[in-house]
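All values reported here derive from a predicted model rather than from experimental measurement.
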Protein chains: 2
Amino acid sequence: MNTKQQIVELSADMLRSSGFGGFSYLDISRKLGITKASVHHHYPKKQDLGLALCEWAHEWLQQGFEHFDEHGTSSWNKLERYLRAALKHSLGDQKMCPISAFYNDLAKLSQPMKEALIALDDYELDWIEKVMLQGMESGDFHRQEDPRALAALFIFSCKGALYYGRLHGKDLFHQTMKQFEHLIKT
Amino acid sequence: MNTKQQIVELSADMLRSSGFGGFSYLDISRKLGITKASVHHHYPKKQDLGLALCEWAHEWLQQGFEHFDEHGTSSWNKLERYLRAALKHSLGDQKMCPISAFYNDLAKLSQPMKEALIALDDYELDWIEKVMLQGMESGDFHRQEDPRALAALFIFSCKGALYYGRLHGKDLFHQTMKQFEHLIKT
DNA sequence: GTCTATAAATGGATAGAC
DNA sequence: GTCTATCCATTTATAGAC
């Protein structure tokens, strides 16, 4: 893997640990055994790295969704796989999802990064909404007037539980999502 | 108001705008017209200020809950008042709730601050859970096995919607909480 | 309680040699 | 592509005079 790719992969890891403002070019250089100046050669401004990380996050989501679509045996099973992956990648090793990580430093993001972040959110909401609609069609979920609001409710519950779970433990996550399941399943 | 109180009040404002790591002693000193050294005299380490801010947040929550309990005409109305206040203090003037603001910089908080934060979360969850129980008793809400999980679902939905709402607008907040209302009310 | 002065570290960024 | 060297601003924190 070339240096440029290594920088993105490593940054993605630190992004999910500490947020976009939580790691520096010095951190990157030290862990890769190169100098700060070399990192700047590949990504002159940190905003450039930020946009590359948004692309990385998009592919990260895309791969997950394709996998859940392919292996999910029902609408709820697809959501269950989403939750299992979220739990493993978050509380499992004390990291955030990349989207939450960007929101952490929202006030300091440039306008292009904010737009990329909105697109990321919509991409995730689109997938959840699609699964919710499938679940209503198949009769697995109670019919709702506003499937996108239901998708938002699901995402916020999941991410909030992961966010708080870093301090309160994973039981809170399991109990919260079990409550959600109980409310929407027929 | 004496200097020490002014420091806490001003810090609380900046905390909700930018998170705990998002403001500095220089910011405080400039806005109060004193020097950094004077700020350090009142709160030697930033962690000392952080603990004072946790106390401030506790009183902030306490006053809100007392107000909602006193004026709420039903269980749902109490939650509605909570939501209205949250919306006003968050998307209204582009601020976060103090708890979310601390979570923003979770990785950098000292252990005593993390413990204070857990206590804050529990205090908020306790109040919501109590209202959920009242609503079930009175028949306003569907009965649930785990009222604390329902309280967590409510809080995460609300805070997530506020968090995302900073980029996606307040409609997302209204739609999400309307969906929650629809799922729990009889 | 407030000030001046200062320290040591970090963060983002650039110029220019190899 | 990588390095050395450097710049400038910021952040937390302390010592000591008034």
For this session: Any chance you could list the contact pattern along nucleotides 1-14 of chain D? Use B for base contacts, S for sugar-phosphate-only contacts and - for none, protein heavy atoms under 4.0 Å, 5' to 3'.
Result: BBBB------SBBB
Exercise. If you measure only the distance, is there a donor-acceptor pair under 3.5 Å linking the side chains of A/Y164 and A/K159?
Worked result: no
For this session: Verify the neighbour count for atom CD of B/Q111: are there more than 12 heavy atoms of other residues, nucleotides or ligands below 6.0 Å?
Result: yes
For this session: List in numerical order all residues of residues 107-115 of chain B for which some heavy atom is under 4.0 Å away from an atom belonging to DNA chain D.
Result: none
Exercise. Could you give all pairs that pass the salt bridge (Lys or Arg N to Asp or Glu O under 4.0 Å) test and reach residues 169-186 of chain A, with sequence neighbours left out?
Worked result: A/E181-A/K185
Exercise. Are there more than 12 heavy atoms of other residues, nucleotides or ligands under 6.0 Å from atom NZ of A/K130?
Worked result: yes
Exercise. Crowded around B/H182 NE2? As in, over 12 foreign heavy atoms under 6.0 Å?
Worked result: no
Exercise. Under 30°, 30 to 60°, or over 60°: which ring-plane class applies to A/W76 and A/F180, parallel, tilted or perpendicular?
Worked result: parallel
For this session: Consider only side-chain N and O atoms of A/N77 and A/Y82, and report whether a donor and an acceptor are under 3.5 Å apart.
Result: no
